[in-house]
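Predicted, not measured: the structure shown is a model, and the values here were computed from it.
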Amino acid sequence: MEKNPKVYVEVTAVFDPEGNLRPQFIRWEDGTVYEIDRVLHVCRAASLKAGGAGIRYTVRIQNRETYLFLEENRWFVERRMDK
């Protein structure tokens, strides 16, 4: 059985003084918590790998860039699909 490419995750986020929502931590489906080192870019975009659309945060976690999406009121990331 193939896993869903869209992984809904728990995110800890804060509003900065200008009113921007900034994610700080992601809790993966196995319970591991990853700190977001930096938010590199924020824009409206679709997930081409997992489907869905919303606000796409390009983030750096442990020196790796990845996308974190806020789709309506849920956060998700694209699962890495190893061959």
Side-chain angles (χ1 to χ4, degrees):
M1 183 174 164
E2 199 169 303
K3 290 190 175 184
N4 188 339
K6 185 185 287 189
V7 181
Y8 288 101
V9 292
E10 180 181 321
V11 172
T12 301
V14 298
F15 283 101
D16 67 18
E18 288 79 37
N20 301 307
L21 183 61
R22 294 291 178 191
Q24 304 288 304
F25 298 93
I26 295 174
R27 181 182 307 270
W28 192 245
E29 58 192 349
D30 69 359
T32 305
V33 175
Y34 296 97
E35 183 175 1
I36 295 172
D37 301 320
R38 186 168 183 186
V39 175
L40 302 169
H41 188 256
V42 181
C43 66
R44 281 205 159 282
S47 168
L48 301 178
K49 294 180 183 178
I55 306 299
R56 183 181 73 192
Y57 292 78
T58 305
V59 298
R60 184 177 300 137
I61 300 171
Q62 297 180 344
N63 289 324
R64 295 183 105 155
E65 284 185 28
T66 192
Y67 295 136
L68 172 64
F69 292 87
L70 178 57
E71 179 182 52
E72 295 185 27
N73 62 348
R74 294 175 74 185
W75 295 91
F76 75 89
V77 295
E78 301 166 327
R79 183 186 306 278
R80 292 177 190 240
M81 304 303 273
D82 297 327
K83 294 184 179 185

- Task: Walk me through it: do V33 and I26 pass the test side-chain contact (heavy atoms from CB on, under 4.5 Å)?
- Result: CA-CA 6 Å; V33 175; I26 295 174; over 6 Å; no
Exercise: identify the closest heavy-atom pair between [X] and [Y]:
X	Y	answer
A13	P23	CB-CA, 3.7 Å
Q62	D37	N-OD2, 2.8 Å
R27	G31	NH1-O, 3.4 Å

- Value rounded to 0.5 Å, distance of CG in L68 from OG1 in T58: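 Rounded to the nearest 0.5 Å, the CG-OG1 separation comes to 9.5 Å.
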- Roughly how far apart are R64 CZ and T66 OG1, rounded to 0.5 Å?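 Answer rounded to 0.5 Å: 9.0 Å.
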- Query: Which of these passes salt bridge (charged side-chain N to carboxylate O under 4.0 Å, His left out) with E71: R44, R56, K6?
  - Reply: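 Going through the options one by one, the only one that passes is K6.
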- Message: Would you say L21 ends up clustered with F25 if hydrophobic residues are merged whenever their side chains have heavy atoms under 4.5 Å apart, either directly or through other cluster members?
- Response: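 In one cluster with F25: L21, no.
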- Report yes or no: do V42 and F76 belong to one cluster of Ile/Leu/Val/Met/Phe/Trp/Tyr joined by side chain heavy-atom distances under 4.5 Å?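 They do not share one cluster, since no chain of ILVMFWY contacts under 4.5 Å joins V42 to F76.
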- Heavy atoms from other residues, nucleotides or ligands near CZ of R22 exceed 12 (cutoff 6.0 Å):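 Enclosed.
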- Task: Output all residues satisfying side-chain hydrogen bond (donor to acceptor under 3.5 Å, both in side chains) with Y34, sequence neighbours left out; order by chain, then residue number.
- Result: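 Y34 satisfies side-chain hydrogen bond (donor to acceptor under 3.5 Å, both in side chains) with no residue once adjacent residues are dropped.
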- Message: Test of understanding: with side-chain hydrogen bond (donor to acceptor under 3.5 Å, both in side chains), list the residues that count as partners of E78, not counting sequence neighbours.
- Response: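 Testing E78 for side-chain hydrogen bond (donor to acceptor under 3.5 Å, both in side chains), a comparison that skips the adjacent residues, returns S47.
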- So R60 and L40, side-chain contact (heavy atoms from CB on, under 4.5 Å) or not? Walk me through it. CA-CA 7 Å; R60 184 177 300 137; L40 302 169; 3.7 Å; yes
- Item | Verdict with supporting geometry, E65 and V59, side-chain contact (heavy atoms from CB on, under 4.5 Å) | CA-CA 6 Å; E65 284 185 28; V59 298; over 6 Å; no
- Query: Which residue, F69, W28, Y57, Y67, forms the ring-ring contact (aromatic ring centres under 6.0 Å, His included) with W75?
  - Reply: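 Passing option: Y57.
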